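Taking it in order: structure first as structure tokens, then the write-up.
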Amino acid sequence: MPRMHDLLITALEQEGLQARLTWRGPHINGVEVLTDDDSRMYITNPAGADLTYLVNEHTGLLINRYPHHDLSRWRHVHETACNDAFQDIQAAIPMIKAEVHRPLTDLDT
């Protein structure tokens with residue numbers, strides 16, 4: 001059974017997006033998606049902590065976008081509580097693709 005981060009990265013790369021697993025702490029990881037303006041989009045689980053679990057353990061996605069090198073401010077992009085990893089990824093892809101090309105001018109915090 002695949003791991004969530006692998007499934008998500010593969011789906012994003014098939015859409016022509018650059019994505020990679022990145023670690024922000026000992027138990028904090030997510031998929032980072034590069035954007036047109038050099039800001040960063042991070043995709044994690046709803047708790048904001050981990051995407052290395054098996055796809056059958058999926059509980060949703062949390063997607064936020066941050067200015068380059070500043071994790072203290074962000075724009076909330078998308079959040080789900082879906083248990084179907086495949087369905088969740090397919091629903092998130094159009095939002096992620098649109099966000100990649102949108103300038104990061106307005107932040108939630």
Side-chain angles (χ1 to χ4, degrees):
M1 181 155 309
R3 298 212 168 260
M4 184 61 189
H5 69 281
D6 290 328
L7 188 68
L8 181 58
I9 290 169
T10 298
L12 292 167
E13 288 177 343
Q14 288 174 345
E15 294 292 328
L17 300 173
Q18 295 180 29
R20 65 186 176 122
L21 181 66
T22 185
W23 293 84
R24 295 184 291 163
H27 303 287
I28 301 172
N29 66 66
V31 170
E32 178 185 65
V33 180
L34 299 182
T35 63
D36 288 351
D37 65 358
D38 203 33
S39 63
R40 297 292 186 260
M41 196 174 337
Y42 287 108
I43 306 169
T44 63
N45 69 2
D50 183 29
L51 273 184
T52 60
Y53 53 84
L54 297 174
V55 295
N56 65 336
E57 300 169 340
H58 185 66
T59 59
L61 294 172
L62 174 63
I63 306 171
N64 287 318
R65 189 161 164 201
Y66 301 86
H68 189 61
H69 297 302
D70 184 359
L71 297 178
S72 67
R73 302 175 327 144
W74 66 86
R75 176 169 58 221
H76 180 77
V77 176
H78 181 69
E79 187 170 358
T80 70
C82 179
N83 291 327
D84 184 325
F86 299 93
Q87 178 184 351
D88 216 5
I89 289 172
Q90 290 309 308
I93 291 284
M95 287 176 261
I96 294 168
K97 286 177 72 173
E99 189 67 26
V100 161
H101 303 296
R102 181 179 166 199
L104 183 61
T105 56
D106 55 324
L107 299 171
D108 297 329
T109 66

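Count residues from 1 along the sequence. It should be emphasised that the depicted structure is a prediction, and the values quoted were computed from it without experimental measurement.
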inquiry  = Test of understanding: clusters of I, L, V, M, F, W, Y form through side-chain heavy atoms closer than 4.5 Å, transitively. Do I63 and F86 belong to the same one?
reply    = yes
message = Taking the side chain as everything from C-beta on, heavy atoms only, tell me whether L34 gets closer than 4.5 Å to R40.
response = yes
key: Partners passing side-chain contact (heavy atoms from CB on, under 4.5 Å) against Q87 (at least two apart in sequence or in another chain)   = C82, D84
key: Nearest heavy-atom neighbours spanning A92 and L61   = CB-CD1, 4.2 Å
key: Listed partners of R102 passing side-chain contact (heavy atoms from CB on, under 4.5 Å), at least two apart   = R65, R75, E99, D106
ask   = Are M41 and L104 in one and the same hydrophobic cluster, where Ile, Leu, Val, Met, Phe, Trp and Tyr link if side-chain heavy atoms are under 4.5 Å apart?
value = no
message = Check for me, please, whether V100 and Y66 land in the same ILVMFWY cluster - side-chain distances under 4.5 Å, paths through other members count.
response = no
request  = Measure the spacing between CD1 of I43 and OG1 of T22 and express it to the nearest 0.5 Å.
outcome  = 12.0 Å
query = Do the non-hydrogen side-chain atoms of L12 and I96 ever get within less than 4.5 Å of each other?
reply = yes
key: Heavy-atom closest pair, residues D37 and S39   = OD1-OG, 2.7 Å
remark   = Here the side chain to side chain donor-acceptor pair (under 3.5 Å) pairs for residues 1-19, sequence neighbours left out, are E15-K97
note = For M4 and A85, the nearest pair of non-hydrogen atoms, with its separation, is SD-CB, 3.7 Å
query = Of all residues at least two apart in sequence or in a different chain, which pass the salt bridge (charged side-chain N to carboxylate O under 4.0 Å, His left out) check with D70?
reply = R73
query = How would you list, by chain and number, every residue that makes a side chain to side chain donor-acceptor pair (under 3.5 Å) with Y42, sequence neighbours excluded?
reply = E32
message = Could you see if L62 belongs to whatever hydrophobic cluster contains L8? Use Ile, Leu, Val, Met, Phe, Trp, Tyr and a side-chain cutoff under 4.5 Å.
response = no
key: Joint cluster assignment, V33 & W23, ILVMFWY side-chain distance < 4.5 Å   = yes
ask   = Could you give all pairs that pass the side chain to side chain donor-acceptor pair (under 3.5 Å) test and reach residues 46-60, with sequence neighbours left out?
value = N29-D50, D50-T52, Y53-H58, H58-D88
remark   = Sequence neighbours excluded, the answer for side-chain contact (heavy atoms from CB on, under 4.5 Å) partners of A11 is I89, I93
